[in-house]
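Working notes, structure below.
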Amino acid sequence: MQDNWEKTAKENQKVYKRLLEKGNKNKILNALPDLHEDAFSKIDCLQCANCCKNYSPRFKNPDIKRIAKVLNIKEGELVAQYLRLDEEGDYVVKRTPCPFLAEDNTCNIYEDRPSDCRRYPYTDEDVFLKRANLTLKNVMICPAAFTVMENLLKMEGK
């Protein structure tokens, strides 16, 4: 992967947007699982943790119940201590980096993390195409999402 991938990701936003909007959707969707596997075989999330340092997942009710149980606290305590409601009415962490991110970039609740964390950066899902604005943001935060996008560009001959 390129050393200056963040710079490239920023510079290529218009190209990425055009690909997401006008590219062959079926071809892209069919390619995503392999591109996802390839990207994550080369990238160690523990070296990066940009997602945990810059984003918050949505904490849905099942996530809150599960995490509170694991932490042995009441759901209300979990919400009061760590979460807030965002503009869309979703529970998100009060501040970044995520309070569950350890110094070594591991997650203190990894086995019980929210579903958004499990799925991030959505590079093997139709969300990659359906939520282009989210994908464009993810490409600038996550080297794996960047790698998938760059490989899609190569595949499309761009």
Side-chain angles (χ1 to χ4, degrees), residues 1-10 13 16-17 20 25 28-152:
M1 186 179 63
Q2 301 170 222
D3 289 335
N4 59 344
W5 68 269
E6 288 124 323
K7 182 176 181 255
T8 303
K10 191 171 187 173
Q13 286 289 294
Y16 298 156
K17 185 174 184 184
L20 292 171
K25 304 244 187 276
I28 291 170
L29 287 173
N30 287 334
L32 285 179
D34 288 339
L35 294 176
H36 171 89
E37 287 296 319
D38 182 59
F40 280 96
S41 73
K42 296 173 181 149
I43 292 162
D44 179 5
C45 294
L46 294 177
Q47 295 299 312
C48 177
N50 276 353
C51 50
C52 306
K53 293 173 184 171
N54 294 287
Y55 271 161
S56 174
R58 293 170 297 181
F59 284 70
K60 298 189 173 169
N61 281 334
D63 299 321
I64 292 169
K65 285 180 188 303
R66 186 177 62 255
I67 294 165
K69 186 176 180 184
V70 165
L71 296 176
N72 202 23
I73 60 175
K74 293 187 167 103
E75 292 168 30
E77 284 180 68
L78 176 75
V79 170
Q81 189 171 351
Y82 299 108
L83 307 178
R84 67 174 176 82
L85 282 173
D86 70 4
E87 313 74 41
E88 296 164 12
D90 293 318
Y91 280 109
V92 295
V93 292
K94 286 183 178 177
R95 58 191 153 278
T96 53
C98 178
F100 303 110
L101 180 65
E103 279 189 34
D104 64 356
N105 286 344
T106 59
C107 175
N108 292 325
I109 58 167
Y110 188 77
E111 292 303 318
D112 299 290
R113 68 197 185 279
S115 63
D116 274 3
C117 296
R118 290 180 191 283
R119 297 169 56 211
Y120 186 85
Y122 313 102
T123 47
D124 59 348
E125 301 182 25
D126 63 358
V127 170
F128 193 83
L129 278 174
K130 287 184 177 172
R131 297 191 57 202
N133 287 340
L134 177 64
T135 297
L136 293 172
K137 192 174 167 186
N138 291 345
V139 166
M140 293 196 304
I141 298 282
C142 175
F146 167 79
T147 301
V148 168
M149 183 64 81
E150 285 290 311
N151 286 331
L152 279 173

More than 12 non-hydrogen atoms from neighbouring residues, nucleotides or ligands closer than 6.0 Å to CZ on R66, yes or no? yes
Can you check whether I43 reaches C48 side chain to side chain, under 4.5 Å on heavy atoms? no
Between Y16 and L136, which heavy-atom pair has the shortest distance, and what is it? CB-CD2, 3.5 Å
Decide yes or no for Q47 and N105: does some side-chain heavy atom of the first lie under 4.5 Å from some side-chain heavy atom of the second? no
Output yes when K60 and D63 qualify as a salt bridge under the 4.0 Å nitrogen-oxygen rule, no when they do not. no
So which heavy atom on E125 is nearest to which on L32, and how close? O-CD1, 3.5 Å
Given the side-chain rings of Y82 and F59, with only the six-membered ring counted for Trp, is the space between their centroids under 6.0 Å? no
Min side-chain heavy-atom separation K130-Y122 under 4.5 Å: no
Does the side chain of R113 reach to within under 4.5 Å of the side chain of R118, using non-hydrogen atoms? yes
Separation between CG of N72 and CD of E77, rounded to the nearest 0.5 Å: 9.5 Å
Is any side-chain heavy atom of F128 less than 4.5 Å from a side-chain heavy atom of L20? yes
Can you tell me how far the CG atom of N151 sits from the CG atom of L35, to the nearest 0.5 Å? 5.5 Å
Would you check if the side chain of D116 reaches a backbone N or O of R58 as a donor-acceptor pair within less than 3.5 Å? yes
Is the OH atom of Y91 crowded by more than 12 outside heavy atoms at less than 6.0 Å? no
Euclidean distance, I67 CD1 relative to D112 CG, rounded to 0.5 Å: 7.0 Å
Are there more than 12 heavy atoms of other residues, nucleotides or ligands under 6.0 Å from atom NZ of K53? yes
In short, F40 meets C45 closest at the heavy-atom pair CE2-SG, 3.6 Å
Is any side-chain heavy atom of R84 closer than 4.5 Å to a side-chain heavy atom of V92? yes
Which heavy atom of T123 sits nearest to which heavy atom of A145, and what is that distance? CG2-CA, 3.7 Å
For the NZ atom of K69 and the CD atom of E75, what is their distance to the nearest 0.5 Å? 10.5 Å
Are the aromatic rings of Y55 and Y120 close, with centres under 6.0 Å apart? yes
Heavy atoms of L129 and K25 approach each other most closely as CD1-O, 3.8 Å
Tell me, do I64 and L83 make a side-chain contact under 4.5 Å, heavy atoms counted? yes
Can you check side chain to side chain contact (heavy atoms under 4.5 Å, CB included) on E111 and V70, steps first, answer last? CA-CA 10 Å; E111 292 303 318; V70 165; over 6 Å; no
So which heavy atom on S56 is nearest to which on V93, and how close? OG-N, 2.7 Å
Working note: N50 + E6, criterion side chain to side chain contact (heavy atoms under 4.5 Å, CB included); need CA distance, chi angles, decisive distance, verdict. CA-CA 11 Å; N50 276 353; E6 288 124 323; 4.3 Å; yes
D86 side chain vs G89 backbone, donor-acceptor pair below 3.5 Å: yes
Residues that T106 engages under side chain to side chain donor-acceptor pair (under 3.5 Å), provided they are two or more places apart: D104
Would one find more than 12 heavy atoms of other residues, nucleotides or ligands at under 6.0 Å from atom NZ of K65? no
Here the gap from Q81 atom CD to I73 atom CD1, rounded to the nearest 0.5 Å, amounts to 5.5 Å
Min side-chain heavy-atom separation C52-P97 under 4.5 Å: no
Distance, nearest 0.5 Å, that separates SG of C98 from CG of N54: 12.0 Å
